[in-house]
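Below is one structure, written out as structure tokens; comments come after it.
Just so it is clear, the model here is predicted, and its values are computed rather than measured.
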Number of protein chains: 2
Amino acid sequence: LFQLRGLSKTYQMGEVEVRALRDVDLTIEKGEFVAILGASGSGKSTLMHIIGFMDKPTAGSITFEGKDVSALGEQERARLRGEKIGFVFQAFNLLARLTVLENTLLPLMYQRVPQKDATDRAMEVLDAVGLTDRISHYPNQLSGGQRQRVAIARSLINRPRLLLADEPTGNLDSENAAAILDVFKQLHGDGHTIILVTHDPAVASHAHRKIQVQDGTILDGAATR
Amino acid sequence: LFQLRGLSKTYQMGEVEVRALRDVDLTIEKGEFVAILGASGSGKSTLMHIIGFMDKPTAGSITFEGKDVSALGEQERARLRGEKIGFVFQAFNLLARLTVLENTLLPLMYQRVPQKDATDRAMEVLDAVGLTDRISHYPNQLSGGQRQRVAIARSLINRPRLLLADEPTGNLDSENAAAILDVFKQLHGDGHTIILVTHDPAVASHAHRKIQVQDGTILDGAATR
Ligand SMILES: Nc1ncnc2c1ncn2[C@@H]1O[C@H](COP(=O)(O)OP(=O)(O)OP(=O)(O)O)[C@@H](O)[C@H]1O
Ligand SMILES: Nc1ncnc2c1ncn2[C@@H]1O[C@H](COP(=O)(O)OP(=O)(O)OP(=O)(O)O)[C@@H](O)[C@H]1O
Ligand SMILES: [Mg+2]
Ligand SMILES: [Mg+2]
């Protein structure tokens, strides 16, 4: 599905260079279920943002569905992002002035989905994450785990070919976490590709392949099935 | 140390009433190490905010160190909060325009601590959470787990009599989480009271007492040692 070659991401902070990713090589096949693990600050979210076209590398190449991504214009990258990728942010990134329902619907706004169909699909994913009784709440009227679940629902509404979930169960009890994992497994069972960052070994155990990140490099990128 | 009696918190949303806490009775002795568990949305953060004087109940009474808290003025509550309570927020609540070091120092600003001593203490707690190499970063230049650790460092700088930590390890790998737990245990060993909300059974196992919250009520408030 995509391939990263020699990928690096460096932040310049005055005199100091922070090398968040260093010369990363990674190949992900269509339909894989991958868990990314590693210490806090090791580069996992940076990697996820680059994979999801939300950030650009300082060096290296990305090939997505056979095409060289750096050759694509901003418009085309945004289209790919909107159509094919679902992203659950570690910090949720909900819009404060939109309700739970409106936040969930947001990815459909870029496509011509009739209002009724959009609302039906939103209610469907919100039901899957257990939040149908909160649809008119605003983010600041939700618990931490409820916000996390809205972020998850929003990421799923497009049935994305590639789902990128950055620590999606960090604020959830085991029962809710298991429910979310089931939703991901269903999506995977339908042929979608799932990459999730997690600190929870229970969540990682459901993946077919684990990738260890350490100090900006991938220790074990090979398939460990 | 404190006692809650008949504590309730209700949010009015137009026609609908959300009963976040319902008639809660809870007594916490000085020096306890308590874990609060419960499903997402069950009322744990609401309970923590009321205990930490950051929110007021809709009904019921709070007695802190023998004094009726509702009888205290806003000034006195703020003083108690600043001097005796340390709070780790589930969403971290770091100030975006302050560096890691400045965010950590913030609780000392309300007391007359000489600049040099304040900086020494900040470096001490930042070392305890493994962030001395990030002191000049701003929150948006940190990973999720690094932000969480700044929030933890900030909560500890006052050596608070009562530490309230709302899911303090949700964004941390097991090694960092264990390091944080050691810091909490040290504080507890010195006679401080610790109440932490967690979804992680490993973290909960270090507490001497577990409290289950469900739909705004406490299922098992009794000491289960
Ligand atoms: N301002 C508000 N207005 C309306 N409802 C609210 C508000 N704040 C919280 N709630 C509701 O109160 C309930 C309890 O919230 P709380 O944040 O205490 O849950 P929690 O146990 O901490 O959950 P989590 O584990 O997900 O963090 C939730 O169902 C939430 O939707
Ligand atoms: N804008 C930035 N400027 C400077 N350094 C940054 C910036 N963003 C991130 N970093 C640094 O890059 C490193 C990798 O960050 P990243 O968010 O990818 O870590 P992570 O593996 O997701 O960690 P966590 O498990 O804590 O979420 C961190 O050490 C962080 O301090
Ligand atoms: Mg991260
Ligand atoms: Mg909470």
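- Applying the salt bridge (charged side-chain N to carboxylate O under 4.0 Å, His left out) definition to pairs two or more places apart or across chains, those involving residues 43-62 of chain A are Lys9(A)-Asp55(A).
- Looking at every heavy atom in both residues, Asn171(B) comes nearest to His199(A) through O-NE2, 3.1 Å.
- Interatomic distance, Asp200(B) CG to Asp200(A) CG, rounded to the nearest 0.5 Å: 7.5 Å.
- Neither the backbone nor the side chain of Val16(B) comes within contact range of chain A, judged by heavy atoms closer than 4.5 Å.
- Chain A forms more heavy-atom pairs under 4.5 Å with one residue of Gln146(B), His137(B), Arg147(B), Gln141(B) than with any other, namely His137(B).
- Contacts of Gln148(B) with chain A are absent, with no heavy-atom separation under 4.5 Å from either backbone or side chain.
- Summarising the local packing, CD of Glu74(A) is surrounded by more than 12 heavy atoms from other residues, nucleotides or ligands at distances under 6.0 Å.
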**OP:** Start with the C-alpha gap between Val18(B) and Arg134(A), add the side-chain angles, then the distance that decides, and say whether side-chain contact (heavy atoms from CB on, under 4.5 Å) holds.
**Re:** CA-CA 10 Å; Val18(B) 176; Arg134(A) 288 282 179 274; 3.9 Å; yes
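- Considering all non-hydrogen atoms of both residues, Ser143(A) and Ser40(B) come closest at OG-OG, 3.7 Å.
- A 6.0 Å sphere centred on CD of Gln115(B) holds no more than 12 heavy atoms belonging to other residues, nucleotides or ligands.
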